[in-house]
Amino acid sequence: MSTTGSQRPAQVSAARRRTVVDALRRGAVPESGLDLLATGLDRFEAALDAELDAVASGGSVFKAVRGEYGSGKTFFTRWLGERAKRRNFAVAEIQISENETPLHKLETVYRRLTERLTTSSFPPSALRPVVDAWFYALEEDALAAGATEEELPGEVEKLLVARLAEVSRHAPSFATALRGYRAALADGDEATAAAVLAWLGGQPHVAASARRSAGVRGDLDHFGALGFLQGLLTVLRDSGHIGLFVVLDEVETLQRVRSDARDKALNALRQLIDEVHSGRFPGLYLVITGTPAFYDGQQGVQRLAPLAQRLATDFTTDPRFDNPRAVQIRLPGFTQESLVGLGVTIRDLYADAATSPERVRTVVDDAYVADLARAVGGALGGKVGVAPRLFLKKLVGDVLDRVDQFDDFDPRQHYKLTVTTSELTDVERNLAATVTGGSASADDIDLEL
């Protein structure tokens, strides 16, 4: 990312520290607390904050993030999601995959969005709390306008129709389902209310009796999903959330699907971009992530010329002068120096809650952190850019935990880095193979013809 250090808060709660350290121990990106680890992202802050402010004011933004494996794409989007959540955005992170969440089926993408929907107050899925808060807001607005208790149901219905008028032009069943949900709650029928809300969230195979009671039919389809997204944005805004931040992660997996499904997915992405730019989704900040091969290769974005034109960004200049306001931004990845800087940050964060903080800082000093970073990078063919996940996992789980628990443990004497294939991802495994005698590239593979 960069060699600049992170600006950690002077006081960090035990819960936030534990969340971060536990995730790193598992070799995962923390779900929260990423501001404690952020290094080198200050160059993006001004432009991204301005975009978040524009979305909060009723605009919409599409952003594409590019970077090689290990460059921190997931970290970056979660960090940006945390900034959005602090502004009272709702947030959803969706992993694109051929089997679970194919991009060409927008109804499935919408379903995953509602399943992963989270707010500053509620974990996934926050759909029900958001809908309940919306109805509460409608009641408060009706009462503020002078409605009596007897008039309240009718006035809420009028407000519902008015607020969803634009949505109902494209997806009238969205408002119908909300009425059905409210009616089921009024009747004390929790099972039907939950089923109707599941249908509203795009879930298939909802009981026919629940759908009939709500006055809706069938399952959500590709085109209806866009209307439902529009409706969700309206509900979020009226319930006190100023926007929705959505991440479509690992979009590069499209390169591995059948050509017909890939073409449909690329066209769906083009359609989403056009809808965002047309202003149909006020309050939406949509981010996708992918590798350079996805953006530049013939099996990715370049396969669909209109999509390639919309994402075209000049990366021929020095990365220092990349434009963070552009539709596509580049994460340059880690260097040896920035990896060591991140390791020192983690060491200090860990030490703050250690049994003997000074011993942790002394035994695992900056020089040892640098040695471990070099060793992990060497185990992965010298590819420092893909080393952060494994490096932090080893630093926390193999070194810091032992130093904290065993008074006589010295990593320089008692620890030797070991990397087994079972703990590596596919990319890391391929790079490790180049160290142990494997093939470094396709040109190194002998084929018998």
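Scope of the values below: all heavy atoms of this structure, side chains included, with no hydrogens, waters or symmetry mates.
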Looking only at side-chain N and O atoms, does [Y] offer a donor or acceptor that is under 3.5 Å from a partner on [X]?
| X | Y | value |
| --- | --- | --- |
| S97 | N99 | no |
| D249 | T74 | yes |
| Q299 | R262 | yes |
| D132 | Y181 | yes |
| S338 | T335 | yes |
| Q298 | R303 | no |

Short question: side chain of [X], backbone of [Y] - any donor-acceptor pair under 3.5 Å?
| X | Y | answer |
| --- | --- | --- |
| E151 | T148 | yes |
| D318 | R320 | yes |
| R402 | D398 | yes |
| R169 | A165 | no |
| S120 | K85 | no |
| D221 | G224 | yes |
| R211 | V206 | yes |
| T114 | G201 | yes |
| Q302 | A308 | no |
| S173 | V216 | no |

If you count the non-hydrogen atoms of other residues, nucleotides and ligands that lie under 6.0 Å from CZ in R325, is the total more than 12?
no
K158 atom NZ, over 12 foreign heavy atoms within 6.0 Å
no
Drop me the distance from [X]'s [atom1] to [Y]'s [atom2], to the nearest 0.5 angstrom.
| X | Y | atom1 | atom2 | value |
| --- | --- | --- | --- | --- |
| L307 | L272 | CG | CG | 10.5 Å |
| Q255 | T291 | CD | OG1 | 5.0 Å |
| L36 | T345 | CG | OG1 | 10.0 Å |
| I288 | E252 | CD1 | CD | 10.0 Å |
| H222 | K264 | NE2 | NZ | 10.0 Å |
| L236 | L117 | CG | CG | 6.0 Å |

Do [X] and [Y] touch side chain to side chain, with heavy atoms closer than 4.5 Å?
| X | Y | answer |
| --- | --- | --- |
| V246 | V287 | no |
| L233 | L284 | yes |
| K393 | R26 | no |
| R43 | D322 | yes |
| R237 | I242 | no |
| L254 | V251 | yes |
| L226 | Y110 | no |
| D49 | L52 | yes |

Evaluate the ring planes of F245 and Y285, with Trp represented by its six-membered ring, and classify them as parallel (under 30°), tilted (30 to 60°) or perpendicular (over 60°).
tilted
Considering non-hydrogen atoms only, spot the tightest contact between [X] and [Y] and give its length.
| X | Y | value |
| --- | --- | --- |
| G279 | S60 | CA-OG, 4.3 Å |
| N88 | G240 | ND2-O, 2.5 Å |
| A193 | L185 | CB-CD2, 3.7 Å |
| I329 | F76 | CD1-CZ, 3.6 Å |
| L159 | A142 | CD1-N, 3.8 Å |
| K63 | L48 | CE-CD2, 4.1 Å |

Between [X] and [Y], does at least one N-O distance fall below 4.0 Å, as a salt bridge requires?
| X | Y | answer |
| --- | --- | --- |
| R83 | D35 | no |
| D274 | R270 | yes |
| R258 | D263 | no |
| K105 | E100 | no |
| R78 | E93 | yes |
| E139 | R182 | yes |

Going through the checks in order, is the side chain to side chain contact (heavy atoms under 4.5 Å, CB included) test met by F315 and R66?
CA-CA 11 Å; F315 290 115; R66 71 186 275 147; 3.3 Å; yes
Please assess L160 against F135 for the test side chain to side chain contact (heavy atoms under 4.5 Å, CB included), listing each intermediate value before the final yes or no.
CA-CA 9 Å; L160 184 151; F135 277 116; 3.8 Å; yes
Test F62 against E51 for side chain to side chain contact (heavy atoms under 4.5 Å, CB included), laying out the working first.
CA-CA 10 Å; F62 172 84; E51 291 177 347; over 6 Å; no
Would you please test D22 and V396 for side chain to side chain contact (heavy atoms under 4.5 Å, CB included) and show each step?
CA-CA 9 Å; D22 285 350; V396 173; over 6 Å; no
Salt bridge (Lys or Arg N to Asp or Glu O under 4.0 Å), that's the test. Do R163 and D141 meet it? Break it down for me.
CA-CA 12 Å; R163 302 281 173 87; D141 290 347; 2.9 Å; yes
Going through the checks in order, is the ring pair (Phe, Tyr, Trp, His ring centres under 6.0 Å) test met by F174 and W199?
CA-CA 10 Å; F174 187 86; W199 187 88; 9.0 Å; no
